[in-house]
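For reference, the structure discussed in these notes is given below.
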Amino acid sequence: MATVMIDLQRLGDVKAPAGFADRVLAQVGMADSYAKFETVLGPVYVAWNRLGVSAAMRSKSAAEFEEWFRKDIGRQLVRVEPPHDLAAKIEDQLEGKRRMRFDLRGLTPFSQAVLRKTLEIPRGQVRPYGWIAREIGHPAAVRAVGTALANNPIPYFIPCHRVIRTDGIIGNYGGGGPEAKAKILTLEGVELKRLQELARSGMRYEGVRSTKIFCFPTCYHGRRVKQGNFVFFHDETEARAAGYRPCKDCRPAVA
Amino acid sequence: MEGTDRVFERLVRDHQDRIYALGFALTGNRHDAEDVAQDTFVRAYRALATYPPERIRDLKQRAWLHRIAVNVVRNRVRGVRPRLVELNGSEPDPRTGPEEDVLRKAEMDEFAARVACLPARYREAVVLRHVQELSYAEMADALGQPVGTVKSNVHRGLQMLRGENHGDRDD
């Protein structure tokens, strides 16, 4: 007779499985979920929550990624089986076929503005740090832009690799050093050699003789122009003096 | 909002074992137990987000979570008889320690499956009373039934579990 009561009581001592609370917190959006994905760039750890992708890193191990995330982002993190369509979405994002949503909470408004602006740089093109600074309304804050990009928690997804120095030097890259940055840019179709030759000779803009418009050398509008129809400029004053106006797409200068 | 999140995190950590045990006792297997417990907390989170601070402060968390969990189970098994004893039922639990060794765990699974075979109204009553050890007042509130009904359901459920009138499913 008594055994049923004892069994019932024991049933009440059953414990929730390990990690249960964290999974609940992830499900309501209080902790981020993460998984490892194979991408065109190799294996990448990606974290996300209900607001969007929150972090990405080519960490050596899950433990390294978790440690970095907790320190840098400061939220809890739970490893999960990713939703079935997420891998495809990530692939599309990295190939420029999709615009994912990002969770940039926790970053300063300035950093957020820098990263949102960086998202506007099309695949296959690059912009100088000063361009970002000017476009977000802080033309003097070029160094601060560099810092914000160096601390980009979602590299590859938010293409900080598309921001390079005006002198053509690739510049630092948190996502794996200058070589990794050059590799990704080449993968995206940037002609780095041409870009660097121009930079070395001090040419920052290319103008097209027929349209009298000047652009950044990687601008989309220069792609169908014959080499002979280009004219190169050291700076904005020189271009304007020659009767050229800035391109409205890549915006090398205020129109 | 920040405050609600902190309340919720405490709530999950404080009650996860109780609510999981409840799910286990009501559904009879660990897989459904986790689903029920997770659903319960997700609903609790959504509800908390709409509550004014005074209401959150005065909330009787235990009874409130039990009421949500009972409803989660009722909704998911509506019209479906709980699974009978599964052979080699549940998945391995990484947290098998000295407290819950393998043999004892298998016994628990078997017993839980037996409880799950009781008709819902007796199962709910027995589980809330003797597994979760709620008061009759809390039970009446969680189940939405008068205290007298709850008491007689507990009694009847125990009889069935002990094998008196076993197999009687005239609900």
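As a basis for the values below, the full set of heavy atoms in this structure was taken, side chains included, without hydrogen atoms, waters or symmetry mates. First the proteins, then the strands, lettered A, B, ... as listed; each starts at 1.
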What do you reckon, is OH of B/Y51 surrounded by more than 12 foreign heavy atoms closer than 6.0 Å?
yes

Ordered numerically, the heavy-atom neighbours of chain B under 4.5 Å found in residues 22-45 of chain A are A/D22, A/R23, A/V24, A/L25, A/Q27, A/V28, A/M30

Determine the minimum heavy-atom distance between B/E34 and A/P17, stating which atoms define it.
OE1-CG, 3.3 Å

Among pairs that include at least one residue of residues 143-155 of chain B, which meet side-chain hydrogen bond (donor to acceptor under 3.5 Å, both in side chains), considering only residues two or more places apart or in two chains?
none

Please determine whether the number of non-hydrogen atoms from other residues, nucleotides or ligands lying under 6.0 Å from atom CD of A/E120 exceeds 12.
yes

Can you tell me how far the CD atom of B/Q132 sits from the CG atom of A/L8, to the nearest 0.5 Å?
10.5 Å

From CZ (B/R162) to CE (A/M5), nearest 0.5 Å:
6.0 Å

Which atom names give the shortest non-hydrogen contact between A/G12 and B/A21, and what distance separates them?
O-CB, 3.9 Å

Roughly how far, to the nearest 0.5 Å, is the CZ atom of B/F111 from the CD1 atom of A/I6?
10.5 Å

Indicate yes or no: at least one non-hydrogen side-chain atom of A/V14 is less than 4.5 angstrom from one of B/R30.
yes

B/E107, B/R129, B/R13, B/R46: which one forms the most heavy-atom pairs within less than 4.5 Å of chain A?
B/R13

According to salt bridge (Lys or Arg N to Asp or Glu O under 4.0 Å), does anything in residues 61-71 of chain B pair up with another residue at least two apart or in another chain? List the pairs.
B/R62-B/E138, B/R67-B/D141

Does any backbone or side-chain atom of B/V115 lie under 4.5 Å from a heavy atom of chain A? Answer side chain, backbone, both or neither.
side chain

Among residues 90-110 of chain A, which ones touch chain B with a heavy-atom distance under 4.5 Å?
none

By a 4.5 Å heavy-atom criterion (distance strictly below it), what part of B/L22 contacts chain A: side chain, backbone, both, or neither?
neither

Kindly give the heavy-atom pair with the smallest separation between B/Y45 and A/R50, and that separation in Å.
OH-NH2, 4.0 Å

